[in-house]
Amino acid sequence: MPTLDERFWAKVLVGDGCWDWQASKTPGGYGSFRAADRTVCAHRFSYELLVGPIPEGLDLDHLCRNKGCVNPEHLEPVTRRENMLRAPKIGPDRLI
């Protein structure tokens, strides 16, 4: 039976830049992974696996703007406010 880590990496396409999640995603486009008895965000699982705990009260911002990316080098812990300020805006002259 594969370990939790093996199951996770089997769903990741590692590239030179983004590491794309190849399995289920949330309606918002974030990777979704079943770990033990709960479903977790794939990018958060990757960050905690390879970097360490996400500081309390912080979100992970996708610096690459690819919600399906699980490369921890593309993730930065920031406040919710900072994450929202950095988010691409939807409007007639700006695309996501």
Reported [atom1]-to-[atom2] distance for the pair [X] and [Y], which is rounded to 0.5 angstrom:
| X | Y | atom1 | atom2 | result |
| --- | --- | --- | --- | --- |
| Lys11 | Ser32 | NZ | OG | 10.5 Å |
| Trp19 | Asn66 | CH2 | CG | 13.5 Å |
| Leu75 | His43 | CG | NE2 | 6.5 Å |
| Leu49 | Phe8 | CG | CZ | 7.0 Å |

query: Is the backbone of Arg34 close enough, under 3.5 Å, to the side chain of Arg7 for a donor and an acceptor to pair up by distance?
result: yes
Of all the heavy-atom pairs spanning [X] and [Y], show the shortest one and how long it is.
| X | Y | answer |
| --- | --- | --- |
| Tyr47 | Pro53 | CE2-O, 4.3 Å |
| Lys67 | Gly28 | CD-O, 3.1 Å |
| Leu60 | Asn83 | O-ND2, 3.9 Å |
| Ser46 | Val70 | OG-O, 2.5 Å |

message: Within a 6.0 Å radius of atom CD on Gln22, are there more than 12 heavy atoms belonging to other residues, nucleotides or ligands?
response: yes
Given side chains that start at C-beta, do those of [X] and [Y] come closer than 4.5 Å, heavy atoms only?
| X | Y | answer |
| --- | --- | --- |
| Asn71 | Cys18 | no |
| His62 | His74 | no |
| Thr79 | Leu58 | yes |

message: Tell me if the aromatic rings of Phe33 and Trp21 count as close, with their centers under 6.0 Å from one another.
response: yes
Same apolar cluster (I L V M F W Y, side chains within < 4.5 Å links), Leu4/Leu50: yes
Co-membership, hydrophobic cluster, residues Trp9 and Val40, 4.5 Å side-chain: yes
message: Which residue is it: Arg44, Arg80, Arg81? I am looking for the one with a side chain to side chain donor-acceptor pair (under 3.5 Å) to Asp59.
response: Arg80
- request: Kindly determine whether Ile54 and Glu48 satisfy side-chain contact (heavy atoms from CB on, under 4.5 Å), including the steps that lead there.
  value: CA-CA 7 Å; Ile54 301 163; Glu48 291 183 340; 3.7 Å; yes
query: Using 4.0 Å as the upper bound for N to carboxylate O, is an ion pair formed by Arg86 and Glu76?
result: yes
- prompt: Can you list the steps and then say if Asp5 with Phe45 is a side-chain contact (heavy atoms from CB on, under 4.5 Å)?
  reply: CA-CA 10 Å; Asp5 291 2; Phe45 184 88; 4.3 Å; yes
